Amino acid sequence: MKMVIVVRKDLKISCGKIAVQVAHAAVEASLKSMKKNEKKFRKWLKEGQKKVVVAVENEEKLLEIYRKALNEGFVASLIRDAGLTEIPPGTLTAVGIGPDDDEKIDKITGNLPLLR
């Protein structure tokens with residue numbers, strides 16, 4: 001079981017800002033997962049809450065991954081920044097997917113590079 005967080009790498013934001021966007025995606029996806037499938041959520045918690053952070057080139061690719069995740073029935077959370085610090089309000093920054101079975105999520109995100 002794992003959760004995957006997908007982040008845009010075209011945004012010119014600090015490491016701290018990226019960390020916050022990843023955290024927003026993880027929290028929101030966790031809360032949605034708890035409501036949608038508590039059994040799967042609890043299994044993920046018990047297994048150590050594995051999370052993987054990957055990158056996409058731009059907003060278009062982020063939305064593509066988000067739509068694929070929803071179409072496959074995954075819990076998915078699209079994160080929009082509030083615009084209080086480094087980027088304009090409403091900027092799409094990240095997507096949280098899962099938690100779900102590794103192999104299932106890998107069908108959508110397995111080809112994406114780790115965030116560096």
Side-chain angles (χ1 to χ4, degrees):
M1 298 290 290
K2 70 179 172 185
M3 177 184 290
V4 175
I5 291 81
V6 184
V7 179
R8 286 176 56 187
K9 58 182 184 177
D10 63 322
L11 297 173
K12 304 300 182 217
I13 57 179
S14 67
C15 292
K17 184 70 171 178
I18 291 170
V20 169
Q21 299 308 301
V22 169
H24 286 321
V27 169
E28 191 169 314
S30 294
L31 292 171
K32 282 185 176 182
S33 178
M34 234 172 40
K35 290 179 184 176
K36 183 177 179 183
N37 190 335
E38 187 176 351
K39 184 177 178 182
K40 197 173 278 191
F41 175 77
R42 296 264 174 229
K43 182 178 179 191
W44 173 70
L45 280 177
K46 186 177 179 183
E47 291 180 3
Q49 306 158 45
K50 180 176 166 185
K51 292 172 249 6
V52 178
V53 182
V54 297
V56 291
E57 296 80 19
N58 54 40
E59 182 178 301
E60 179 183 340
K61 296 289 186 183
L62 187 75
L63 286 169
E64 180 182 318
I65 294 294
Y66 177 67
R67 288 185 195 111
K68 283 182 182 179
L70 291 177
N71 287 339
E72 292 296 321
F74 290 109
V75 167
S77 297
L78 183 62
I79 304 303
R80 291 180 187 275
D81 191 70
L84 301 176
T85 56
E86 299 181 23
I87 52 180
T91 301
L92 298 174
T93 59
V95 170
I97 303 170
D100 214 306
D101 297 319
D102 291 41
E103 301 80 28
K104 290 180 181 177
I105 291 181
D106 285 347
K107 290 178 183 176
I108 296 173
T109 62
N111 64 328
L112 299 174
L114 292 174
L115 180 66
R116 301 200 183 275

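Positions are given from 1 along the sequence. None of these values were measured; they are calculated from a predicted model.
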Give a yes or no on whether Lys40 atom NZ has more than 12 heavy-atom contacts from other residues, nucleotides or ligands under 6.0 Å away. yes
Heavy-atom side-chain proximity of Leu78 to Leu62 below 4.5 angstrom: yes
Rounded to the nearest 0.5 Å, the CG atom of Asp101 sits from the NZ atom of Lys43 at a distance of 5.5 Å
Verify same cluster id: Ile5, Met34 (apolar side-chain graph, 4.5 Å): yes
Cluster check Phe74, Leu63: I/L/V/M/F/W/Y, side chain < 4.5 angstrom: yes
Phe41 side chain near Lys35 side chain, heavy-atom distance below 4.5 Å: no
Just by modelled atom types, is the Arg67 backbone N or O under 3.5 Å from a matching donor or acceptor in the Asn71 side chain? yes
Spatial distance of atom NZ (Lys2) from atom CD (Glu103) [nearest 0.5 Å]: 8.5 Å
Find out whether Ile65 and Leu112 are in side-chain contact, i.e. whether some heavy atom of one side chain is under 4.5 Å from a heavy atom of the other. yes
Which atom names give the shortest non-hydrogen contact between Glu72 and Ile108, and what distance separates them? CG-CD1, 3.8 Å
Atom CG in Asp81, atom CD1 in Ile13: separation rounded to 0.5 Å? 7.5 Å
With no hydrogens and no angle check, is any side-chain donor or acceptor of Asp100 less than 3.5 Å from a backbone partner on Ile105? no
May I ask you to decide if Ala26's main-chain N or O and Ser30's side chain share a donor-acceptor pair within less than 3.5 Å? yes
Once you round to the nearest 0.5 Å, how far does NZ of Lys9 lie from NZ of Lys12? 10.5 Å
Donor-acceptor under 3.5 Å (Thr91 side chain, Ile87 main chain): no
Heavy-atom closest pair, residues Ala76 and Leu70: CB-CD2, 3.9 Å
To the closest 0.5 Å, what do you measure between NZ (Lys32) and CD1 (Ile97)? 11.5 Å
Just wondering, do Val54 and Leu115 contact through their side chains at under 4.5 Å, heavy atoms? no
On a heavy-atom basis, the closest approach of Ala94 and Gln21 is CB-O, 4.1 Å
Atom of Pro89, atom of Ala82 and distance for their closest heavy-atom approach: CB-O, 3.5 Å
Atom pair CE/OG of Met1 and Ser33 - distance to nearest 0.5 Å: 7.0 Å
With no hydrogens and no angle check, is any side-chain donor or acceptor of Lys51 less than 3.5 Å from a backbone partner on Gln49? yes
Cluster link Val53 to Val6, ILVMFWY, side chain under 4.5 Å: no
Can you confirm whether Thr93 sits close enough to Arg8 that some side-chain heavy atom of one is under 4.5 Å from a side-chain heavy atom of the other? no
Quick one: does Glu86's side chain have a donor or acceptor within less than 3.5 Å of a partner on Lys17's backbone? no
Look at the side chain of Trp44 and the backbone N and O of Lys50, then say whether any donor-acceptor pair between them is shorter than 3.5 Å. yes
Where Met3 and Pro99 come nearest, the two heavy atoms and their spacing: CE-CD, 3.8 Å
Test of understanding: clusters of I, L, V, M, F, W, Y form through side-chain heavy atoms closer than 4.5 Å, transitively. Do Leu31 and Val75 belong to the same one? no
Closest non-hydrogen atom pair between Leu11 and Leu92, with its separation: CD1-O, 4.0 Å
Exactly one of Asp106, Val95, Thr109 clears side-chain contact (heavy atoms from CB on, under 4.5 Å) with Val4, and that residue is Thr109
Could you state whether Leu84 and Val20 fall into the same hydrophobic cluster, counting links through intermediate Ile, Leu, Val, Met, Phe, Trp or Tyr residues with side-chain heavy atoms under 4.5 angstrom apart? no
